[in-house]
Amino acid sequence: MSLHFNPRDITWLAFNERVLQEAMDEKVPLHLRIRFLGIFSNNLDEFFRVRVAGLKRAMDFKEKVIAESFYQPPSKILQRINDVVMKQQLNFDKTWKKIQTEMADHKVFIKNAKNLTTKQKEFVRQYFDEVVESNVIPILLHENTPMPYLRDKSLYLGVAMRKKDWQYSSNYAIIEIPSRFVGRFVLLPTEDPEEKNVLLLEDVITFNLPHIFSYFGYDEFAANAFKVTKDAELDLDNDIRTNFAEKIEKGLKNRRKGKPTRFVFDKDMDKALLELLIRKLNLTKKDSIIPGGKIHNFKHFMDFPDVFEAYERPVERTSFTHQAFEHGERVTDVILKEDVLLTFPYHKYNPVIDLLREAAMDPDVKSIQITAYRLASSSKIINALIYAARNGKEVTVMLELQARFDEESNLEWKDMLEPEGITVLVGLPNKKVHAKLCVIKKRAHNKTIQYGFVSTGNFNEKTARIYGDHLLLTSDRGIMADINKVFNVLKKPKEDYVSILKTCKNLLVCPQFMREKIVHHIDKEIEEAKAGRKAEIIVKVNSLSDRLLIEKLYDAATVGVVIKLIVRGIYCAVNQKEFKEKIKAISIVDEYLEHARVMYFYNKGAEDMYISSADWMTRNLDYRIEAAAKITDKNLKKELKDILDIQLRDNVKARILDKKLSNEYIRNDKKECRSQIETYKYLKAKTSKK
C-alpha cells in the first residue's frame, strides 16, 4: 500500500466530521446546529447506501482490480469505517444532548409518549385518529415467517407486546413511521404560550399502541426505533433490446432487493426483538450493527419546525440582484453585450429563469438545448422550457436518468416533457452527463445569434439558495460552438465521440480531454518552476481523489510550484517530505454548501481560469460528460481570483487538510476572515459601484 494517498472513504468521513463540527460550534445559531445534525445524518445514510455497499461488493474482486481501485484492501477500509463511525456517533449523541439543554433555555422541549400533560394526551389521541391512523399498518413478526420488505429511507418502530399474566414470552411487530405522508414533527398545545413542545411522529404512534393493538388485549408495550440502510447502486444489465429508461425503472425496482449495509437501533430495544430482527435481516458481525439513541432518521431535522424566537437573518445571508440586471434590461440584451458571472447564493437566481422565459416568448428564438441533472421539485426551469415548446421552439433537454437518488423524479420529468413535444435525450451508454450547459439559438436580420450559460452546479433554483456555485451567462461564439458539439454527440452518439469532443476549443470536455488539458497546464507550471520563474496552481473542487492528477500535483510541488487547494469533501492527497513547496490544502464548511469547481494556472502571467462541473475524481474525468469553460473576460477573471483569495484567507471556517485528517481549524493572528461573509461583502460592493 502506498503511503502517498489517504483512502477516499476515510477522507469522506473526515468531511462529514467537519459537518458535525458545525453542529458542535456554539457560535452557530441553534436552529442551524440542529440542521447540521440532520445534514450529517443524511450524508451518512447515503455513504452507507453507496460507498459501504460498494466496498462490500469489492471484497469479491480480484486482487489486481482492488489494487487499482483502492488505496487499502476493502476489508481494512470497512473496519476503519466502523471505528470512525462509532466514534462520530458518540460525538453526535453528546452534541444532540447538549443542544437539547440549550433548547430548554429557549423553552423548546421535545416530549415523549410518557411525559404528556392531560390536555396533550387528548390532543395526541385526536391527532392520531384524524391524521395518522389511516397511514399505520402494523406487521406482526414470527420466527417462521419471512421478513417483510423494509424501505431503506424509512424509520420503523420495533414493538414488543405482552400480557401481564404471561411470564416469559412476548409478541412482536414492526410499524413503518409514515413521515412521508404526515410529517415527522407535531406541535403540542401548552399552558405557557412562550413554551414550545414538539412530539415526534413515532411517539404519537407509541402513545396510541394500546389503541392500535386493542384487538389482541395486550397490557404492556415497549416500542423502539430502528432503521436499515441498503445497497443503493443500480445494477443495469447490458441487454441492448431494453431501452435505457426501462433499464432505469428495472434498476429502481432492484433497489428493493438491495442487501442491508447498516442496521441502527435504539440501544434500549427489547433484546429478544433485536435478535429476531438481526436474524431475519441476515446480518452478521461483519455488518454495521450500530446501537444508538432514541431518535433515528435524523435527516428530517434539516426541516425542524421554526419554534425558536424570531431569528433575524444577517444581511450577509441574503441574495441580491447582480449589478448587470439592476436597471431592468432584458437578460438577453445584457449578455449579448457582455459576459456576466453569477455567484450563488449571493446573487439571485432570477436571471437564469428570466433568460429562459424571454427565449420562450421571443419570436426570433428557434431552439433551446439544455442539460438537466437535479431539478427543483416544482422546477421553474422546466416550466419555462414547456412554454417555449408550446410557443413553437425546438426544445431539447438532456435529462440524466442516472442522477443518483433522482432517477425516479427524472423519469417523471421525462414523462411530462415528451408529450409537450420536447426532445428528451438520455445520454450515452455507461456515461453520466454531468455537464451544466445551455445554448439558445435565434435568427434575426438574416443572422444566427447564439447565447446561453455554463455552470458549476445544477440548474436548480431551490439549491441555488444554499449552494455556492458560479454560472457564466455568455454569448461567446467559441463556447456556444463547443456546447453545440456536445449536444450533437448526445443526439447522435458515434463510436469516436471522444475524438469529436477533443475538437472543442473553448470548453474542456470529459471524458479524457479535460484530464489531458489539466495535465498539460500542470506540466507548463512545472517547466516554469524548473526555470526558476513564478509558477502557481489554485484548484477548488468538491473532491480530489484521482490518483494520476494527485501524482502530477506531487511532481509540481517537488520542483517548487505553489499549489493551493480548496477541497470541501474527499481529499486523498498528502504532503511529502521531498516537496520543495508545501501544498496548502483547506476545506471550508459553513452555512452554505461550497459546491463550485474552479481551476487557476498562472501560465507566465496569462492566468488561465476555468469554471467546471467536474471534480478531480476518476469517475468524473473518465466516465462522465463534463465541461469546464475558460473565463476570458479580464474583469471576470479578476473577480474569480479575488473570491479564491478570500477563501484561501479564511481563518474562521477553514480547516487544514492533512495526512492525519484531524480537521484542525486554521487560526492565525491575521484579520478575521469568514470567507462566505467576506464574499458577500466583496460582491455586494460591486453593486454600489455600478
Side-chain angles (χ1 to χ4, degrees), residues 1-21 40-95 152 226-233 258-267 269 274-275 277-279 281-293 296 298 543-545 547 550 569-574 587 617-619 657-664:
M1 181 203 74
S2 169
L3 296 176
H4 296 310
F5 304 94
N6 269 321
R8 166 181 165 174
D9 299 292
I10 304 303
T11 73
W12 185 92
L13 287 173
F15 153 66
N16 212 30
E17 185 174 289
R18 296 192 281 279
V19 175
L20 186 56
Q21 285 178 329
F40 172 89
S41 179
N42 190 56
N43 286 349
L44 198 59
D45 284 349
E46 187 168 325
F47 177 73
F48 271 87
R49 296 175 77 199
V50 178
R51 292 303 304 170
V52 172
L55 285 164
K56 289 188 173 184
R57 293 184 190 190
M59 290 172 73
D60 298 327
F61 293 173
K62 293 179 180 177
E63 283 188 27
K64 184 182 177 184
V65 176
I66 289 173
E68 290 172 353
S69 305
F70 301 95
Y71 300 127
Q72 291 180 1
S75 57
K76 190 170 182 179
I77 296 173
L78 284 166
Q79 183 55 54
R80 286 185 68 184
I81 286 171
N82 278 338
D83 293 343
V84 173
V85 168
M86 291 294 274
K87 188 183 290 186
Q88 289 182 350
Q89 187 64 48
L90 288 173
N91 283 335
F92 182 97
D93 293 341
K94 286 179 188 174
T95 304
D152 66 343
F226 71 92
K227 68 176 180 179
V228 177
T229 310
K230 295 182 181 180
D231 184 339
E233 285 299 272
K259 294 179 181 178
T261 59
R262 183 177 57 148
F263 176 73
V264 184
F265 62 95
D266 182 342
K267 61 181 181 296
M269 179 179 281
L274 175 61
E275 290 170 7
L277 288 171
I278 289 173
R279 282 198 304 277
L281 289 167
N282 296 316
L283 297 169
T284 68
K285 290 181 180 179
K286 292 181 180 179
D287 294 304
S288 296
I289 301 174
I290 303 172
H296 299 286
F298 227 91
S543 298
L544 173 63
S545 64
R547 197 175 296 207
I550 291 173
I570 295 165
Y571 178 73
C572 296
V574 294
S587 177
M617 303 177 77
T618 305
R619 71 175 191 192
L657 294 175
D658 57 16
K659 185 177 178 180
K660 294 179 182 177
L661 303 174
S662 55
N663 283 332
E664 288 184 28

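Since this is a predicted model, take the numbers as computed values, not measurements. Sequential numbering from 1 along the given sequence is applied to the chain's residues.
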**Prompt:** Are any of the side-chain heavy atoms of Lys87 and Asp83 separated by less than 4.5 Å?
**Reply:** no
**Request:** Measure the spacing between CD1 of Ile77 and CG of Asn82 and express it to the nearest 0.5 Å.
**Result:** 12.5 Å
**Message:** Within the 3.5 Å criterion, strictly below it, is a donor on Asn42 or Glu46 matched to an acceptor on the partner's side chain?
**Reply:** no
**Prompt:** Between Leu657 and Ser587, what is the shortest heavy-atom contact and its length?
**Reply:** CD2-CB, 3.8 Å
**Request:** Please assess Phe263 against Leu274 for the test side chain to side chain contact (heavy atoms under 4.5 Å, CB included), listing each intermediate value before the final yes or no.
**Result:** CA-CA 10 Å; Phe263 176 73; Leu274 175 61; 3.6 Å; yes
**Complete:** Interatomic distance, CG@Leu44 vs OG1@Thr229, rounded to 0.5 Å, equals 8.0 Å
**Item:** Nearest-0.5 Å distance, CZ of residue Arg18 to CG of residue Leu13
**Value:** 10.5 Å
**Request:** Check the pair Ile570, Asp9 against side chain to side chain contact (heavy atoms under 4.5 Å, CB included), reporting the backbone distance first and the verdict last.
**Result:** CA-CA 8 Å; Ile570 295 165; Asp9 299 292; over 6 Å; no
**Request:** For Arg279, enumerate each residue passing the salt bridge (Lys or Arg N to Asp or Glu O under 4.0 Å) test, keeping only those at least two apart in sequence or located in another chain.
**Result:** Glu143
**Prompt:** Between Cys572 and Ser545, which heavy-atom pair has the shortest distance, and what is it?
**Reply:** SG-CB, 3.6 Å
**Request:** Would you check, one step at a time, whether the test side chain to side chain contact (heavy atoms under 4.5 Å, CB included) holds for Leu55 with Ile81?
**Result:** CA-CA 11 Å; Leu55 285 164; Ile81 286 171; 3.5 Å; yes
**Residue list, ring-ring contact (aromatic ring centres under 6.0 Å, His included) with Phe92, at least two apart or on another chain** = Phe40, Phe298
**Complete:** Lys267 and Gly293 have their tightest heavy-atom pair at NZ-CA, 4.2 Å
**Complete:** Applying ring-ring contact (aromatic ring centres under 6.0 Å, His included) to Tyr571 and not counting sequence neighbours gives none
**Asked** Has the side chain of Arg262 got a donor or acceptor atom that lies under 3.5 Å from a matching backbone atom of Lys227?
**Response** no
**Asked** CD/Glu664 to CD/Gln21 distance, rounded to the nearest 0.5 angstrom?
**Response** 10.0 Å
**Complete:** The side-chain contact (heavy atoms from CB on, under 4.5 Å) partners of Glu17 (sequence neighbours excluded) come to Gln88, Asn663
**Complete:** Taken to the nearest 0.5 Å, the spacing of Met86 CE from Ile290 CD1 works out to 6.5 Å
**Request:** Verify side chain to side chain contact (heavy atoms under 4.5 Å, CB included) between Met269 and Leu277, making sure each step is shown before the conclusion.
**Result:** CA-CA 11 Å; Met269 179 179 281; Leu277 288 171; 3.9 Å; yes
**Residues that Phe47 engages under ring-ring contact (aromatic ring centres under 6.0 Å, His included), provided they are two or more places apart** = Trp12
**Item:** For Asp266, all residues meeting side-chain contact (heavy atoms from CB on, under 4.5 Å), sequence neighbours excluded
**Value:** Asn224, Asp268, Lys294, His296
**Request:** Of all the heavy-atom pairs spanning Ala573 and Asn6, show the shortest one and how long it is.
**Result:** O-ND2, 4.3 Å
**Interatomic distance, Leu20 atom CG to Asn91 atom CG [nearest 0.5 angstrom]** = 6.0 Å
